[in-house]
Amino acid sequence: MNKKVIIEKENLIAYDYLVDNLAGSGIKFKIKQSELFNTLFVELDEDMCDSFFTLIAKAIIISHKYKTIMSAFEDLELNFANITCISALLYFDFDGEIEQAVSVIKYEDSISIEGTFDFKLQFMRDDWEELKSIGEVLTFSQSEEDIYNVAGFMMTNRNSSKSLFLAGYPDILLANVTDGLMVEHIKLYKNEDFNLINSIIAESPAELILEKNQIKQSLLDCLSHIVKVKIL
């Protein structure tokens, strides 16, 4: 079957996420670019439908929710604690939001990333504004330790038994050794340390395994606040 996904040109988060992860899932697609839009023409086998709609739903939610939450941090110089907070807020209630988005798009042959959100999922924005307010309170009036504690609390509803292995750095090659899968690549920042923090929080694993001296101490200290780190 054939599907079409339309992405506004300025929405690089959704575009980059889909290009990286559709290909990684073995889903074939072609790209047509215009002045205003990137359009993906997707060839889909029956057994790939669930994966396809989940990826599209994630692109919709991540790209719109991230913008809302980031507006609380736009005047700050980002650091590891702030990124941890942003990521914990971004993935709070994430699974439920993905389910809602999938229910909206699963029978569509032509899907607009922006149109779907603006006309069918806009109601989510009120909840995101509340998350944004939490971010504002934390970053302007609390210590880094408090930020990590709150971020850890917000992750508790998504905690899993997954074990992740950092297979390469500075390239982010995260393997889910529990399920034998590579972790989805989510690129939100130019700083790859920040992307690593975000990707780990997105998975909310029980432990992270890495080789000794693979990452700098300040990043290791941050990760140790949010996951059990095992060094080989």
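Quantities reported herein were computed from a predicted structural model and do not represent experimental measurements.
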I111 reachable from L12 in the ILVMFWY side-chain graph, under 4.5 Å edges = no
query = Do NZ/NE/NH1/NH2 and the carboxylate oxygens of R125 and E130 come within less than 4.0 Å?
reply = no
ask   = Just checking, is any N or O donor in the side chain of D221 or S218 under 3.5 Å from an acceptor N or O on the other one?
value = no
inquiry  = Between K162 and E203 (salt bridge meaning N to carboxylate O under 4.0 Å), is one present in this structure?
reply    = yes
ask   = Is it true that I197 and F165 fall in one hydrophobic cluster, defined by side-chain heavy atoms closer than 4.5 Å?
value = no
request  = Inspect the surroundings of CZ in F123 and state if more than 12 heavy atoms from other residues, nucleotides or ligands are less than 6.0 Å away.
outcome  = yes
message = Heavy-atom count check: over 12 atoms from other residues, nucleotides or ligands less than 6.0 Å from K120 NZ?
response = no
task = Give a yes or no answer on whether the side chain of Q122 reaches the backbone of F119 with a donor-acceptor pair at less than 3.5 Å.
result = no
key: From CG (L223) to CD1 (I226), nearest 0.5 Å   = 5.0 Å
key: Polar side-chain atom of E136 near backbone of A72 as donor-acceptor pair, under 3.5 Å   = no
inquiry  = Applying salt bridge (Lys or Arg N to Asp or Glu O under 4.0 Å) as the test, list every pair that has at least one member in residues 49-61; sequence neighbours left out.
reply    = K58-E184
ask   = Are the side chain of S204 and the backbone of I201 linked by a donor-acceptor contact shorter than 3.5 Å?
value = no
query = Would you say Y17 and I31 are hydrophobically clustered, going by side-chain heavy atoms of ILVMFWY under 4.5 Å?
reply = yes
Shortest non-hydrogen contact from A206 toward K228 = O-CB, 3.5 Å
query = For A57 and I105, which heavy atoms make the closest approach, and how far apart are they?
reply = N-CD1, 3.9 Å
request  = Before giving the answer on side-chain contact (heavy atoms from CB on, under 4.5 Å), spell out for E207 and L164 the whole-Å C-alpha distance, their side-chain angles and the decisive distance to 0.1 Å.
outcome  = CA-CA 6 Å; E207 68 173 0; L164 302 186; over 6 Å; no
inquiry  = I'd like to know if the side chain of N11 and the backbone of I7 have a donor-acceptor N/O pair within less than 3.5 Å.
reply    = no
query = Mind checking whether F80 and F194 have parallel, tilted or perpendicular rings, split at 30° and 60°?
reply = perpendicular
task = For S112 and T116, work out which heavy atoms get closest and say how close.
result = O-OG1, 2.7 Å
message = Just so I know, are the side chains of I61 and W128 near enough to count as touching, which here means a heavy-atom distance under 4.5 Å?
response = yes
task = Give the C-alpha distance, both sets of side-chain angles, the deciding distance and a yes or no for side-chain contact (heavy atoms from CB on, under 4.5 Å) between N82 and C85.
result = CA-CA 5 Å; N82 289 341; C85 180; 5.5 Å; no
inquiry  = Whether the side chain of T178 engages the backbone of S163 through a donor-acceptor N/O pair (distance < 3.5 Å, no angle test) should be reported.
reply    = yes
inquiry  = If you count heavy atoms of other groups shown closer than 6.0 angstrom to NZ of K9, is the number above 12?
reply    = yes
task = Please identify each residue that fulfils side chain to side chain contact (heavy atoms under 4.5 Å, CB included) with K4, with sequence neighbours left out.
result = I6, T39, F41, S110
request  = State whether the side chain of S133 and the backbone N or O of E129 hold a donor-acceptor pair below 3.5 Å, judged by distance alone.
outcome  = yes
ask   = Does the side chain of K30 come within less than 4.5 Å of V42's, by heavy atoms?
value = no
request  = Apply side-chain contact (heavy atoms from CB on, under 4.5 Å) to I113 and I56, showing your working.
outcome  = CA-CA 8 Å; I113 298 296; I56 301 302; 4.0 Å; yes
query = Heavy-atom distance under 4.5 Å between the side chains of Q100 and M124, does that happen here?
reply = yes
message = With heavy-atom distances below 4.5 Å as the criterion, would you say the side chains of L208 and L174 are in contact?
response = yes
inquiry  = Just so I know, are the side chains of V19 and N38 near enough to count as touching, which here means a heavy-atom distance under 4.5 Å?
reply    = no
inquiry  = Distance check, rounded to the nearest 0.5 Å: E99 atom CD versus K106 atom NZ?
reply    = 10.5 Å
note = Note: C222 and T84 closest approach over all heavy atoms is SG-OG1, 3.4 Å
request  = Consider only side-chain heavy atoms of I, L, V, M, F, W and Y, link residues closer than 4.5 Å, and tell whether L55 and L44 are in one cluster.
outcome  = yes
Heavy-atom donor-acceptor pair, S199 side chain to L196 backbone, under 3.5 Å = no
query = Is any side-chain heavy atom of L78 closer than 4.5 Å to a side-chain heavy atom of M70?
reply = yes
query = Are D179 and N176 close enough that a side-chain donor and a side-chain acceptor fall under 3.5 Å?
reply = yes
message = So which atom in L121 and which in A101 form the shortest heavy-atom distance, rounded to 0.1 Å?
response = CD1-CB, 3.9 Å
message = Given N198, which partner from the list Y66, Y189, Y91 fulfils the side-chain hydrogen bond (donor to acceptor under 3.5 Å, both in side chains) test?
response = Y91
request  = Give the C-alpha distance, both sets of side-chain angles, the deciding distance and a yes or no for side-chain contact (heavy atoms from CB on, under 4.5 Å) between L90 and L188.
outcome  = CA-CA 11 Å; L90 179 61; L188 298 177; 3.9 Å; yes
note = Value for CZ (F37) from OH (Y15), rounded to nearest 0.5 Å, stands at 15.0 Å
inquiry  = Between I215 and L166, is there a side-chain heavy-atom distance shorter than 4.5 Å?
reply    = yes
message = If the threshold is 4.0 Å, N to carboxylate O, is there a salt bridge linking E43 and K3?
response = no
message = Take a 6.0 Å sphere around NZ of K67 and say whether it holds more than 12 heavy atoms from other residues, nucleotides or ligands.
response = yes
task = Please name the pair of heavy atoms, one in E8 and one in E114, separated by the smallest distance, quoted to 0.1 Å.
result = N-OE1, 2.9 Å
key: CG on N149 to CD on E144, rounded to 0.5 Å   = 12.0 Å
ask   = What residues, two or more places apart in sequence or in another chain, satisfy side chain to side chain contact (heavy atoms under 4.5 Å, CB included) together with I231?
value = L210, K212, L220, V229
inquiry  = Please determine whether residues L76 and I134 belong to a single hydrophobic cluster, defined as Ile, Leu, Val, Met, Phe, Trp and Tyr linked transitively by side-chain heavy-atom distances below 4.5 Å.
reply    = yes
query = Is there a side-chain contact between F53 and M48 (heavy atoms, below 4.5 Å)?
reply = no
request  = Nearest 0.5 Å please: distance from the OG atom of S51 over to the CG atom of D45.
outcome  = 11.0 Å
inquiry  = I need the D93 CG to M154 CE distance, nearest 0.5 Å.
reply    = 9.5 Å
